[in-house]
Trainee: 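Sharing a structure here in structure tokens format.
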Amino acid sequence: MSSFSNKFHGKVAVVTASTEGIGFAIAKRLAEDGASVMISSRKQENVDTALAKLKSENLTKVAGVVCHVGKEDHRNKMIQETLRRFGGIDILVSNAACSPMFGPVLEVSISRTITTIFDINVKATFLLIKEIVPHIEKRGGGNIVMISSLSGYTLEKMIGAYGVSKTALLGLTKALVPECSEKNIRVNCIAPGLIQTRFSEMTWKNPSIRKNVEALIPMSRIGQPSECAGVVSFLCSDDASFISGETIIMSGGIAPRL
Ligand code: NAP
């Protein structure tokens, strides 16, 4: 912990889907950098376990609440609980997403799968940002970071609908810039390639599949959640004070754009 800064001292961060994986690493890093952090996910027991882990690392300015991002009353409760515990909101990291199907895009069931993917990955992100912006504005400005994916840029045949939802976040990042800039809010995005979490375990748990996957990555390895957390910490910091509307691809060297 001593190697981290206190750059977010006095700042309050809300990180969605933050009881494990990338969201947990981001919450931990922002807390290590001095922020008060509200973590959340759908299950109380996961919130309790994650909170205990953070506290066991001497990160005491953390709180947790159950929040399924697709549910308006949950989002509302998360916001109110953050205001009650920490007195305001300066940073929102919108991290929650789902990828409920693996298969060709034309076989996706419109009524269920498409609706779920777009409700959670896009609509809930948009609504949560809309709900939290007035609170960040009250603090005189702050930061929003969305978690997209490399698959928002690349062609991934078996997760095409998920990829389209992640492309939408690239557009949302850009679309929010004019209004957010007027409120002194920077809005940015990260697009991770393969990161070692439960979400992606089918690509790394089996050693021979992992070897094949890593052979396709210029840096010859998959990424770690803490590496996403470092980039989010940078984007929310004054070191990134002139960056807004940007998406940082972090993919071990896979370069899907100029
Ligand atoms: P993960 O390790 O599977 O963690 C998922 C977290 O989200 C858990 O804390 C889970 O807790 C929570 N969660 C799931 N659905 C939720 C919902 N509807 N509302 C609130 N919380 C929810 O996943 P991850 O790999 O860290 O993924 C995080 C983000 O990174 C996602 O946006 C994903 O698309 C993106 N991403 C991941 C990779 C990768 O390779 N891992 C690559 C690119 C982008 P509960 O079960 O308690 O809800």
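We count ligands from 1, going down the list as the structure has it; atoms in each ligand are counted the same way. All values derive from a computational prediction rather than experimental measurement. Both backbone and side-chain heavy atoms feed into the values below; hydrogens, waters and symmetry mates do not.
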Trainee: Quick one: hydrophobic cluster around Leu258, which other residues, with the 4.5 Å side-chain cut-off, linked directly or via members?
Mentor: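 Hydrophobic cluster check, Leu258: no partners found.
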Trainee: Can a side-chain donor-acceptor contact be found between Asn46 and Thr19 if the only test is distance below 3.5 angstrom?
Mentor: no
Trainee: Near ligand 1, which residues have a heavy atom under 4.0 Å away from one of its atoms?
Mentor: Ala17, Thr19, Glu20, Gly21, Ile22, Ser41, Arg42, Lys43, Asn46, Cys67, His68, Val69, Asn95, Ala97, Ile147, Ser148, Ser149, Tyr162, Lys166, Pro192, Gly193, Leu194, Ile195, Thr197, Arg198, Phe199, Ser200
Trainee: Can you tell me which residue pairs pass the salt bridge (charged side-chain N to carboxylate O under 4.0 Å, His left out) test with a partner in residues 249-258, sequence neighbours excluded?
Mentor: Glu246-Arg257
Trainee: Under the salt bridge (charged side-chain N to carboxylate O under 4.0 Å, His left out) rule, what pairs show up with a residue in residues 191-200, not counting sequence neighbours?
Mentor: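 Those involving residues 191-200 are Glu20-Arg198.
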Trainee: Within the 3.5 Å criterion, strictly below it, is a donor on Gln44 or Asp48 matched to an acceptor on the partner's side chain?
Mentor: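 Note: Gln44 and Asp48 side chains meet the donor-acceptor criterion.
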Trainee: Both conditions, 6.0 Å and 45 degrees, for the charged tip of Lys123 above the ring of Phe118: are they met here?
Mentor: no
